[in-house]
Amino acid sequence: MKSYRLLLGMMLFTLLLGACAVPPVPAGEMPAAAEQSMPVSAEGPCTSYQESPMLTEKVVAGELPPVAERLPLNPLVVQPYEGIGQYGGEYLGLYDGVRLAEFRAFGYEGLVRWSVDGSEVIPNIAESWEISEDGTAYTFKLREGMRWSDGELFTADDILFWWEQVETNKAIYPNPYSYFVVDGQPATVTKIDDLTVEFRFAAPNGLFLTNLASSYGVRVTQFPEHYLNQFSNLLNPEGVAEMMAADNQTEYGPWWVSRVGSYGQPAEYNDPNRPSLQPWIPTTPYIGAERFTFTRNPYYFKVDPACNQLPYIDLRTWTLATDPEVRLLKTLNGEEYFSERSISQPPNKAVFFEYQETGNYRLIDVINSDLNVMLLHMKLTHPDAVRAQIMQDKNFRIGLSHAMDRQNIIDTVYIGQGEPYQRAPRPESPFYNERLAKEHTEYDVEGANQALDAVLPDKDAEGFRLAPNGERFVFNVLVNQGFRPDWVDVMGIVKLNWEAVGLATNLVVVGDDVWRQRIREEDVDAYVWAGENGTGLLPLVSAGEYAPEAAWGWAAWEAVTLRGVAEPADPVVEPPAELQRQYELTARLRQAIGIEAQTDIMNEILELTADQFYTIGLSLPKGDYRAVNNALRNVPNPVIAGWLYPGPSPANFETFYLDPAAQ
């Protein structure tokens, strides 16, 4: 058996840290989160532990057992960035009304996790693991004595409950998430004993450990069996029927989502009685609240090197702010202690810089793992066959790309921060492909017209292109202003660019609350989204993203043909031969063992992506930052932002503390 240390370094963000143009890191280099076999104080192994005074009061009152009895036998030791912190205080944040557990700022507690610098996968809820020589079996050892927030033990039974009652419950999920499926066959998850669980696959799953460290991997550890079994339609059918009737619900899946929730859904933290493994836990239902507070988890399983139970901060309070402009103003006013991604964009940097003293915050640098500021995803298997045929024509996509004046957008919206770029790994990634990154990025009106003339040659009296039926062809693009307000400005310029070459364009601007619903509606032809997971070896674990994202009919073919899905979510449409090859390579990549074999497959995927040119990109992200309250300490500078590396969460929010002198 191989220990996990043979796979550490799977994703080498050190490549990124060495290549990015960022200032020197203060207070030494960014440390990885430490994992030690025993908690160690300055004097040696811990013989006792310290806790927050608010918990000591409860121990004295007989409401809690002593801290040593609340911690596992082997707590996870986390090295703070600057030093040992202080207990107490209230961390202020903003909530957009959609997704509290977005994992980049809250909810990142899986079996394993990324180190702060992204250079390795490290222990978290699992204290160790072993991997079979052939990569088909992963065995995880849990922490003895680790407890849920209500004091009940966390064991292998909780992981089996997730697998049997949630992940493979077809009333909730039609199929298990792709991480847990190889060759169309779901994993076999086995409880070896109370503290040991095995994931076994029908074929090698070479990227499984890396995938578990990502934002999607947290699903394994979200479900306390002793509490949630009452909501299982398999374990408590009569009780569930009564609860559903009381809630006026008839379908179990939607009821589960609204009552229990999983993987970041709002209900997940709306029940204050539901036990959790997070550093902070809810005290009241929060959905619909204007302001709500989570309190520290008295059974949290991590400590600092001085044997202090984490987290340092007692309370986390969120204020509802659905409007991006309101969130910006509140952040400038000091009501958000760690500014969120959507407002921390180059267009706002000048105003953030100006109001630092008034808002009592500092600006820190961000190493962005994203590969593009904005991607355009076309619905290539649109239910309207004519529209699908137009968008499937590569000339149409080439014409739209050449019509975009990217440099003008970069200069106007992003104050010169960025460079024209397609969907491709970042330049510092070992998978950088210059052809893919730069193809069709030139602003070329003549070339755009030539390409579009090959698809939509006829025009009306006003110069707009006509569909085959003789009516004006209007291209409808969905823009989520709640997630990224800057995209509205970007697409305003793009609309002018496209209409200058005769393509009538309609921008459908919506908020984050309805965006996911609207992308599926037939009056939408395309939508924009961020291009994520582009640095280091992240392209390996996101290789599937290089296939067209919104071609749901083609994706259904892949699901049925290569993953054995019996009932795909969409009607099957056979994809072009080149894309079939790309899907097959992505399936092979998941099973490949060793970086050399993985690299060969990944490079072929990227070449096929360049050949087909399904997705249109805008710009390589540059100039990223965050505003951090001056009282909030132990925040790394720079911090890494991303998605599969769900930054900044791996920076260890539980070690952040508030310095009273700076408030």
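Computation of the quantities below employed the complete heavy-atom set of this structure, encompassing side-chain atoms and omitting hydrogens, waters and symmetry-equivalent molecules.
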>> Both conditions, 6.0 Å and 45 degrees, for the charged tip of Arg316 above the ring of Trp280: are they met here?
In response: yes

> Mind checking whether Arg104 and Trp643 have side chains closer than 4.5 Å, heavy atoms only?
Replying inline: yes

> Under 4.5 Å between any side-chain heavy atoms of Tyr91 and Tyr657, yes or no?
Replying inline: no

> Pick from Asp384, Asn476, Ile390: which one makes a side chain to side chain contact (heavy atoms under 4.5 Å, CB included) with Asp525?
Replying inline: Asn476

> With a 4.5 Å limit on heavy-atom distance, are the side chains of Tyr312 and Asn634 in contact?
Replying inline: yes

>> I need the Thr284 OG1 to Asp271 CG distance, nearest 0.5 Å.
In response: 11.0 Å

> Heavy-atom distance under 4.5 Å between the side chains of Arg633 and Leu658, does that happen here?
Replying inline: no

>> Just so I know, are the side chains of Val490 and Val488 near enough to count as touching, which here means a heavy-atom distance under 4.5 Å?
In response: no

>> Once you measure the plane-to-plane angle for Phe231 and Trp255, does it fall in the parallel (<30°), tilted (30-60°) or perpendicular (>60°) bin?
In response: tilted

>> Both conditions, 6.0 Å and 45 degrees, for the charged tip of Arg484 above the ring of Trp529: are they met here?
In response: no

> Just by distance, do the side chain of Glu167 and the backbone of Tyr177 share a donor-acceptor pair under 3.5 Å?
Replying inline: yes

> Is any side-chain heavy atom of Thr317 less than 4.5 Å from a side-chain heavy atom of Phe292?
Replying inline: no

> Just one of Tyr527, Trp498, Phe464 clears the ring pair (Phe, Tyr, Trp, His ring centres under 6.0 Å) bar with Phe475, so which one?
Replying inline: Trp498

>> Within the structure provided, determine whether Met491 and Val494 are in side-chain contact (heavy-atom separation under 4.5 Å).
In response: yes

>> So Arg341 and Phe483, do their side chains get closer than 4.5 Å, heavy atoms only?
In response: yes

> Are Tyr173 and Trp256 near enough that their ring centres are under 6.0 Å apart?
Replying inline: no

>> Over 60° means perpendicular and under 30° means parallel, so tell me whether Phe294 and Phe106 are parallel, tilted or perpendicular.
In response: perpendicular

